[in-house]
Amino acid sequence: MTTRTSWADLAANSAAENVGVGSSDSNKAAGSTSGGGRPAYVPPHLRNRPPSADPPAPTSSGPASSNDRLGQGGSRWAAPRNDYNNRSGYGGSGGRPGGWGGRSGGWDRGRDREVNPFGNDDDTEQAFSEQENTAINFDAYEDIPVDTSGDNVPPPVNTFAEIDLGEALNLNIRRCKYVKPTPVQRYAIPISLAGRDLMACAQTGSGKTAAFCFPIISGIMRGPVPQKPVRGARTVFPLALILSPTRELSMQIHEETRKFSYQTGVKVVVAYGGAPINQQLRELERGVDILVATPGRLVDLLERARVSLQMIRYLALDEADRMLDMGFEPQIRKIVEQMDMPPPGVRQTMLFSATFPREIQRLASDFLANYIFLAVGRVGSSTDLIVQRVEFVQESDKRSHLMDLLHAQRANGAQGKQALTLVFVETKKGADSLEHWLCMNGFPATTIHGDRSQQEREQALRSFKSGTTPILVATDVAARGLDIPHVAHVVNFDLPNDIDDYVHRIGRTGRAGKTGLATAFFNDNNASMAKSLADLMQEANQEVPAWLTRYAARSFGGRNRRPGGGGRFGGRDFRRDSSFNRGGSDYYGGGNNAGGYGGGYSANVASAWD
DNA sequence: AAAAAAT
């Protein structure tokens, strides 16, 4: 491939797609806790009053009662939904029997006055029509290798129609313009609907959130009405917990989940640090079925006894490998194992990530019972949607080299619009300093990292998404999971020390089947990455510079090598590893998976995928 | 060594 000239074109093409991003609903996303359409707070002493007496003023627009639109009669969903009505005061409003979950009044605010999460999308859809939604490049998802292992794997489906998700959810799927399931959805949804635990390797941007949300929402809708346990009146009992490693990712999952659960009666609440806790507590008090959270804030809520995990039926860890790495593992273990969450086998557990190192899989298996491992080929790299380039740049030359890239990109840009460029650096200080330097040199930039206030972080993300500052300098806080449409170029100004982090970073471009460009600056400091980087690029059919191959040949870099020889997959079931099978007595001692696959997978099966 | 995540 002749990437030498194509990279600028790529960026320029993406720049053309960028026109008009200002109307993106992402602007709304960050305002989820302060939006204009939010109903006024009703003080607790007013909540017990009968619906007929002095109802709150109706919202200015929208349906008076979303229940009217639920079409109760004749639906096979009528029964669970009616049950749900009785439940909707559950947890939040103190579980008052027959309380304000009634169908007729305006008191069940969580439903009757549910803010339409699709409300602002109309403009966006018009601006982007073909590109953003309808034209998700599904062809790019065809022929992607998929690998499953485990006991009695349910067969995949080819259409949403084959899956019994229910009317309300199907309507939301149509509203989201999802035409057919992505590969991870085709496999993961039936597995999850069958009640099985799941460890899934799939790149974000391939429909991962929906893959674990649809079964959760559907399961809550048709599941039994929970009985509120005896607890402090202000404790709430979510039925599903979704954990993610960064605040912005939790916000994003929340926004997406709200769309999927719109008018299903299933309530989604998000809780994360850096934001006032009181508003989050109020949201929880209004009722919560699905709680999306970052670990720190959740631990806080658990210790305050404002949340109990006793009723959890579904646990999902997004970016699960990050959640279980050294920094996070104790907190996650506390939440999952040392609070009041039901054990594996009782709850249903789903772990998702684009990468799943073997050691992490071993840790993760503590949380799972007789699980199915699912690996979906990398959408981006394996289909050349992301063009990866690596350039040898000395530390002292990095800034001027970046400037060259940006100038070329600007020259090729359409209508003066600059392509969105995400620049990853190693440190928070480095991020601030590079941002300042870029601004001084005529390139509007902003930055996101852990030393900034949450407000600043969210503002930076908005400003980047809208194109106001088309350059975002970021630490690894932005490496994982964030879905930022129209990122044309990811620059690894400083390479990470872990090849998996590289995979996550470049995954911020080339999303939803679009093309993207990833440029890495490499020098002697990155010697330990040479081998893994060269291997990865080769696997993805990228042009590997000769100098990098030479580097790789003489570097040791054992830590970054992919065990098991890599292959086209982001991961491979560690249970199938022959070395593990021989030496894995500790694992079988756990008793989690006795009889499932024991010994069934060894060299011959594994070799089919090598 | 760095980043993230509660106050």
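Order of the sequence lines sets the chain letters (A, B, ...), proteins ahead of strands, with each chain counted from 1.
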Mind calculating the distance between NE2 (A/His504) and P (B/dA3) to the nearest angstrom? 19 Å
Looking only at B/dA4, B/dA2, B/dA6, the nucleotide nearest the A/Arg457 side chain is B/dA4
Which nucleotide sits closest to the side chain of A/Asn497: B/dA1, B/dA5, B/dA6? B/dA1
Over how many whole Å does the gap from A/Lys334 atom NZ to B/dA5 atom C1' extend? 13 Å
Using 4.0 Å as the upper bound for N to carboxylate O, is an ion pair formed by A/Asp432 and A/Lys428? no
OP1 or OP2 of B/dA4 versus the side-chain N and O atoms of A/Lys428: is any pair under 4.0 Å? yes
Residues A/Glu395, A/Lys398: salt bridge by 4.0 Å N-O rule: yes
Within the pair A/Thr475 and B/dA4, is there a side-chain N or O less than 4.0 Å away from OP1 or OP2? yes
Kindly point out which of B/dA1, B/dA5, B/dA3 is positioned nearest to the side chain of A/Arg247? B/dA5
From CD of A/Gln280 over to P of B/dA5, roughly how many Å is that when rounded to an integer? 13 Å
State plainly whether the residues A/Glu458 and A/Arg452 are in salt-bridge range, i.e. N to O under 4.0 Å. no
Provide, to the nearest angstrom, the distance between the CZ atom belonging to A/Arg480 and the P atom belonging to B/dA4. 13 Å
Interatomic distance where CG belongs to A/Asp498 and C1' belongs to B/dA2 [whole Å]: 12 Å
Touch check for A/Gly327, heavy atoms < 4.0 angstrom, all strands: base, sugar-phosphate only, or nothing? base
From the candidates B/dA5, B/dA6, B/dA2, the one with an atom nearest any side-chain atom of A/Thr427 is B/dA2
Scan residues 331-355 of chain A for pairs that pass ring-ring contact (aromatic ring centres under 6.0 Å, His included), counting only residues two or more places apart or in two chains. A/Phe212-A/Phe352
Roughly how many Å is it from CD1 in A/Ile277 to P in B/dT7, rounded to a whole number? 7 Å
d(CD, A/Gln454; P, B/dA4) in whole Å: 11 Å
Does any donor atom in the side chain of A/Gln459 or A/Arg462 lie under 3.5 Å from an acceptor atom in the other side chain? yes
When the distance from CD of A/Glu329 to C1' of B/dA5 is rounded to whole Å, what number comes out? 15 Å
Counting the atoms with a prime plus P, OP1 and OP2 as sugar-phosphate, which does A/Asp476 contact under 4.0 Å by heavy atoms, base, sugar-phosphate, or nothing? nothing
